[in-house]
Amino acid sequence: MPAPFVNWSGTVTSRPSAWARPRTEGEVAALVREVRGRGGRLKVCGARHSWSSIAAGDDLQVELGGLAEVIEIDRRAMRVRAGAGCPLHVLLDALAAEGLAMPVIGSVAEQTLAGLTATATHGSSLRVGNISSLVEGMRMVSGAGELVELGADDPRLEGARVHLGALGVLTEVTLRLREAFRLEERRFVLPFDEAAARIRELGEAHAFAKLWWLPHTESALVFTYDETDAPGERDARAWAVDAWINRNLFPALLRLGKAFPSLIPRTNRSVAKLHFRPSIRRGRSDHMLQLVMPPPHRETEIAVDLADTEALLRGTREVAHRDGARVDFVVELRFVKGDGGWMSPAYGRDSCQLVIGGAYSPDIDRVFDGFRRLGQGLGARPHWGKELALTPAEVDALYPRAGEFRALARALDPDGVLRNPFLDAILGPSPG
Ligand SMILES: Cc1cc2nc3c(=O)[nH]c(=O)nc-3n(C[C@H](O)[C@H](O)[C@H](O)COP(=O)(O)OP(=O)(O)OC[C@H]3O[C@@H](n4cnc5c(N)ncnc54)[C@H](O)[C@@H]3O)c2cc1C
């Protein structure tokens with residue numbers, strides 16, 4: 001019996017008919033043609049970090065561990081070409097060794113380049129867009145089994161930069177870079193109401209800025225980041241302590257809340273008291289922006305127009321506290337510069353993206369439901385890599401260029417070889 005597909009959080013599983021691990025582009029092409037020939041489907045997974053079922057296959061499941069190298073760093077053009085299965089942390093270290101950096105990253109660096117771009121993974125900046133917006137080229141084996149190269153001038157690139165795994169099996173990704181830079185991180189605590197009123201202005205004033213709020217508490221932790229030449233580097237011991245806390249102490253507190261949900265509000269208040277403290281750190285940009293891996297949990301996330309930042313945060317507090325709900329995980333608010341990616345949640349508008357999560361909260365389904373309805377009222381676009389439910393009609397209403405994306409997917413994958421139940425649900429029935 002083939003191993004099941006299981007995502008990082010353990011919340012999505014599927015039963016592929018088999019697994020394949022092609023090591024070269026030629027092997028990928030042969031595999032796609034074979035699956036197409038027998039009328040089957042295949043789904044590539046990256047690091048399986050998505051909370052949505054976007055990477056879960058129902059026929060052949062493919063891993064691309066063999067196409068995971070940094071291929072060429074072009075300092076003159078300020079771009080890097082790497083295998084689609086390359087984990088972000090491998091790329092970041094290779095760039096740092098050359099005095100270069102990614103202009104923006106998210107909170108962790110385990111994901112693959114193909115996976116990050118499929119879902120528009122983002123950090124928190126109104127000066128740089130999500131990681132998909134940095135794509136300057138792609139190479140893929142289309143669903144028809146043909147090699148397709150999209151360069152920076154190819155009009156299809158805007159459609160493919162947030163590819164949802166629906167266009168082809170990516171084999172290479174080319175990304176825009178910048179000179180290495182150092183950041184100063186400042187953390188400070190604000191009363192919730194003041195934080196809600198000021199966070200947009202802070203997002204606009206700093207290179208990077210974000211906010212954490214623990215439900216059932218009255219304060220928020222604000223992070224701002226600005227470039228600096230001042231010395232300093234991430235403290236390896238503090239990082240190890242944080243990693244230990246996230247592996248041991250935090251899961252123990254979450255389990256306590258699982259056994260006694262009525263303790264969740266009190267536990268959150270204790271965590272906020274201990275953890276939400278002012279501090280200043282400096283170091284390599286990616287070291288400042290990354291966090292230690294959190295314990296497994298569930299997440300959903302939506303993107304709204306920047307103008308609705310305060311309404312989204314205040315609405316989220318209302319949803320998290322409604323009818324005595326208990327929520328045991330941090331709410332995170334971030335910013336993303338608008339871009340032109342057809343399926344990007346930040347398409348055409350500077351955005352505020354907000355995550356709400358839960359580990360064992362008994363009320364989390366109802367809270368996620370309330371959050372979804374809050375988002376609907378604000379014209380929110382869900383993050384493709386987080387828990388979501390969207391019909392094709394809703395996708396069309398939210399994404400003005402969804403029709404063009406569907407047409408591109410049909411042209412590159414005429415038989416729906418790259419479809420899975422997730423893509424069928426959001427794009428409509430498979431063409432195959
Ligand atoms: C701890 C944690 C922290 C996170 N932090 C952030 C964050 O800060 N910001 C944010 O926006 N998101 C964040 N995420 C979400 C995560 O970045 C996305 O879900 C991302 O897509 C995961 O990448 P992956 O390599 O795991 O891809 P997977 O989840 O395995 O796959 C995602 C999609 O990519 C497709 N795919 C993978 N490889 C290929 C290929 N070679 N060709 C074609 N399609 C392919 C899959 O089919 C699927 O459609 C986080 C997730 C976790 C678990």
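Numbers here are sequence positions counted from 1. Each ligand, and each atom within it, is numbered from 1 in the order the structure gives. Side chains included, hydrogens not; waters and symmetry mates left out as well; all remaining heavy atoms used.
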If you draw the axis of the six-membered ring of [Y], does the NZ or CZ of [X] fall within 45° of it and under 6.0 Å from the ring centre?
X	Y	answer
R178	F181	yes
R234	W239	yes
R381	Y399	yes

Which of these, V367, T267, N268, D363, sits in a side-chain contact (heavy atoms from CB on, under 4.5 Å) with R326?
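The side-chain contact (heavy atoms from CB on, under 4.5 Å) with R326 is passed solely by D363 among V367, T267, N268, D363.
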
Residue-level breakdown please: for [X] versus ligand 1, do any non-hydrogen atoms fall below 4.0 Å on the side chain, on the backbone, on both, or on neither?
X	result
W384	neither
E110	neither
L64	side chain
S9	neither
H163	side chain
R334	side chain
E299	neither
N130	neither

Any N/O pair [X]/ligand 1 closer than 3.5 Å:
X	answer
A118	no
C45	no
S107	yes
A120	no
M293	no
Q111	yes
H122	yes

Shortest protein contact, [atom] (heavy atom only):
atom	answer
atom 31 (O) of ligand 1	A55 CB, 3.5 Å
atom 30 (O) of ligand 1	G46 N, 2.7 Å
atom 43 (C) of ligand 1	G168 O, 3.3 Å

Check whether any side-chain heavy atom of [X] lies under 4.5 Å from a side-chain heavy atom of [Y], and answer yes or no.
X	Y	value
E172	C86	no
P392	R406	yes
L378	L312	yes
N248	I245	no

Among residues at least two apart in sequence or on other chains, which ones pass side chain to side chain donor-acceptor pair (under 3.5 Å) with E233?
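Here the qualifying residues are H287.
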
Distance-only check: which donor-acceptor pairs under 3.5 Å involve side-chain atoms of residues 105-112, not counting sequence neighbours?
from	atom 1	to	atom 2	distance (Å)
S107	OG	R334	NH1	3.2
T112	OG1	G115	N	3.0

How are the rings of F329 and H297 set relative to one another: parallel (under 30°), tilted (30 to 60°) or perpendicular (over 60°)?
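Correct class here is parallel.
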
